[in-house]
Amino acid sequence: MTATHSTRMLILGSGPAGLSAAIYGARAGLAPIVVQGIQPGGQLMTTTDVENYPGFREVIQGPWLMQEMQAQAEHVGAQMMWDTIVEIDVSQRPFRLVGDGGTVYTGDTLVIATGAQARWLGLDSEELLKGKGVSACATCDGFFFRGKKVAVIGGGNTAVEEALYLTNHSHDVTLIHRRDSLRAEKILQQRLFANERITMAWNKEVVRFIGGGQPEGLVAIELKDTVTGELSMLEVDGGFVAIGHHPATELFRGHIALDDDGYIQVEKGTTNTSVPGVFACGDVMDKHYRQAITAAGTGCMAALDAERFLAAADFETVAQAAE
Ligand code: FAD
Ligand code: NAP
């Protein structure tokens with residue numbers, strides 16, 4: 001028989017947004033259920049040093065922060081489910097969602113905190129060499145390239161942090177960027193330019209990743225100069241794609257309004273989506289800030305919005321019964 005779990009507040013996602021919503025929801029007595037998805041703890045599980053999350057004088061580790069957040073949410077009464085939602089019905093309340101093993105979840109309110117996923121360049125050669133030298137996570141895979149030559153593709157905070165991180169393992173890191181200036185924060189840029197192990201490849205885009213050897217692995221990256229069109233070859237053993245993320249919203253398309261870039265649309269200043277009783281927080285609705293602290297902040301907002309929604313709905317039910 002299919003298991004069913006019901007709650008006043010169902011939360012999708014266990015990154016900073018989902019877990020903050022869980023802490024607030026639990027403390028409001030809503031006994032939230034958090035469906036964690038395939039990346040329990042979210043994106044910060046893939047990083048090391050976090051030094052901009054308030055409350056910690058010393059540098060902390062991303063995975064540690066997320067373990068603490070989960071422990072805090074559980075401590076105040078949130079329930080974690082190791083499952084991924086594959087089907088949703090938000091046409092009526094309670095909302096009905098189905099996990100990939102067939103487990104059914106119903107929620108009087110739904111908080112969507114499914115975050116964002118790594119973007120890839122979309123090259124055939126990238127697909128062929130994923131896991132064979134091509135990766136989107138330096139902190140996960142950098143160790144495998146100890147003493148080898150590596151490259152990072154991108155010009156944002158992630159790319160710069162990954163390049164800096166990789167210098168722990170490699171003395172030869174190239175940062176490939178398609179323009180001649182970075183969009184990463186200035187403090188990160190200063191660290192990057194001060195690091196002698198990192199070389200910049202400005203105005204370069206990847207034409208293809210080239211495999212070789214036995215077993216096959218990445219041996220070089222063919223580059224094209226975005227100004228002159230000139231082709232060149234960079235010999236590397238590891239290539240880390242760090243060109244941003246896209247929101248995890250395919251599941252909601254056709255059910256909840258999305259913007260042109262696929263992010264969940266929310267009413268300004270709130271976490272209200274196009275469906276009353278469904279709230280969205282964190283990177284899945286925020287393409288401007290995309291920080292752990294903003295995700296946590298909007299997670300708090302979503303729980304408060306859901307709590308107020310339930311209070312108003314309960315009031316209406318009681319008022320109708322009294323008529
Ligand atoms: P995410 O952290 O992306 O979590 C999404 C959650 O949704 C995951 O648990 C996933 O399993 C779940 N999920 C997805 N689909 C489903 C589904 N169908 N069913 C159930 N669950 C689902 N920010 C900082 O402030 N400081 C930093 O130092 C910093 N470093 C970073 C380093 C890296 C390498 C990266 C990639 C990001 C970094 N960020 C940093 C950004 C920060 O990680 C994000 O802004 C933040 O994690 C967003 O939180 P979130 O909860 O919205 O989503
Ligand atoms: P991002 O800021 O969107 O930067 C993506 C980078 O990849 C840009 O430099 C972009 O180039 C490049 N790019 C995009 N598509 C490309 C393509 N097809 N080919 C080549 N290059 C491409 O993404 P992010 O660096 O992953 O950061 C995401 C969010 O997380 C940001 O808000 C960031 O501040 C946050 N974050 C914060 C920290 C921190 O606070 N320490 C750390 C990591 C991430 P252009 O510049 O030319 O557009």
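For ligands, and for the atoms within them, numbers begin at 1 and follow the listed sequence. Start at 1 with the first residue, then count along the sequence.
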Notebook entry, point to check: Strictly under 4.0 Å, does any heavy atom of Glu51 approach an atom of ligand 2?
Noted result: no
Note to self: Measuring from non-hydrogen atoms of Glu205 to any atom of ligand 2, is the shortest distance under 4.0 Å?
What the structure shows: no
Notebook entry, point to check: Would a hydrophobic clustering, with Ile, Leu, Val, Met, Phe, Trp and Tyr connected at side-chain separations under 4.5 Å, put Phe252 with Val98?
Noted result: no
When you measure from [atom] to every protein heavy atom, which one gives the shortest distance, and what is it?
atom                    : result
atom 21 (N) of ligand 1 : Gly37 CA, 3.2 Å
atom 9 (O) of ligand 1  : Gln39 O, 2.7 Å
atom 33 (C) of ligand 2 : Gln291 NE2, 3.5 Å
atom 27 (O) of ligand 2 : Thr158 OG1, 3.6 Å
atom 43 (O) of ligand 1 : Leu44 CD2, 3.4 Å
atom 20 (C) of ligand 2 : Arg178 CD, 3.7 Å

Checklist line | Heavy-atom proximity to atom 16 (C) of ligand 1, best of Val34, Thr114, Thr294 | finding: Thr114
Next item on the list: Kindly identify the option in Leu182, Asp180, Ile243 whose heavy atom sits closest to atom 13 (N) of ligand 2.
Entry: Ile243
Against heavy atoms of [X], which atoms of ligand 1 measure under 4.0 Å?
X      : result
Arg290 : 41 (C), 45 (O)
Gly13  : 6 (C), 7 (O), 12 (C), 21 (N)
Gln291 : 23 (N), 24 (C), 25 (O), 45 (O)
Ala113 : 5 (C), 6 (C), 7 (O)
His245 : 36 (C)
Gly282 : 52 (O)
Pro16  : 2 (O), 47 (O), 49 (O), 50 (P), 51 (O)
Ala116 : 3 (O)

Margin query: Keeping Asp305 on the side-chain end and Thr271 on the backbone end, is there a donor-acceptor pair under 3.5 Å?
Written below: yes
Check: With distance as the sole test, does Ser170 use its side chain to make a donor-acceptor pair with the main-chain N or O of Lys148 at under 3.5 Å?
Finding: yes
Check: Can Met45 be said to touch ligand 1, with heavy atoms closer than 4.0 Å?
Finding: no
Margin query: Closer than 4.0 angstrom, basic N to acidic O: yes or no for Glu205 and Arg178?
Written below: no
Notebook entry, point to check: Is Glu51 salt-bridged to Arg191, cutoff N-O under 4.0 Å?
Noted result: yes
Next item on the list: With sequence neighbours excluded, give me every salt bridge (charged side-chain N to carboxylate O under 4.0 Å, His left out) pair touching residues 242-264.
Entry: Glu250-Arg253, Asp259-Lys287, Asp261-Lys287
Notebook entry, point to check: Which pairs, with at least one residue in residues 86-114 and sequence neighbours excluded, count as a salt bridge (charged side-chain N to carboxylate O under 4.0 Å, His left out)?
Noted result: Arg8-Asp108
Notebook entry, point to check: Is there any N or O on Gln36 that sits under 3.5 Å from an N or O of ligand 1?
Noted result: yes
Notebook entry, point to check: Looking only at distance, does Thr158 have an N or O less than 3.5 Å from an N or O of ligand 1?
Noted result: no
Next item on the list: Measure from the ring center of Phe240 to the ring center of Phe145 and say whether it is less than 6.0 Å.
Entry: yes
Notebook entry, point to check: Is the His5-Tyr105 ring centre distance short of 6.0 angstrom?
Noted result: yes
Notebook entry, point to check: At a 4.0 Å threshold, what atoms of ligand 2 neighbour a non-hydrogen atom of Gly155?
Noted result: 6 (C), 7 (O), 8 (C), 9 (O)
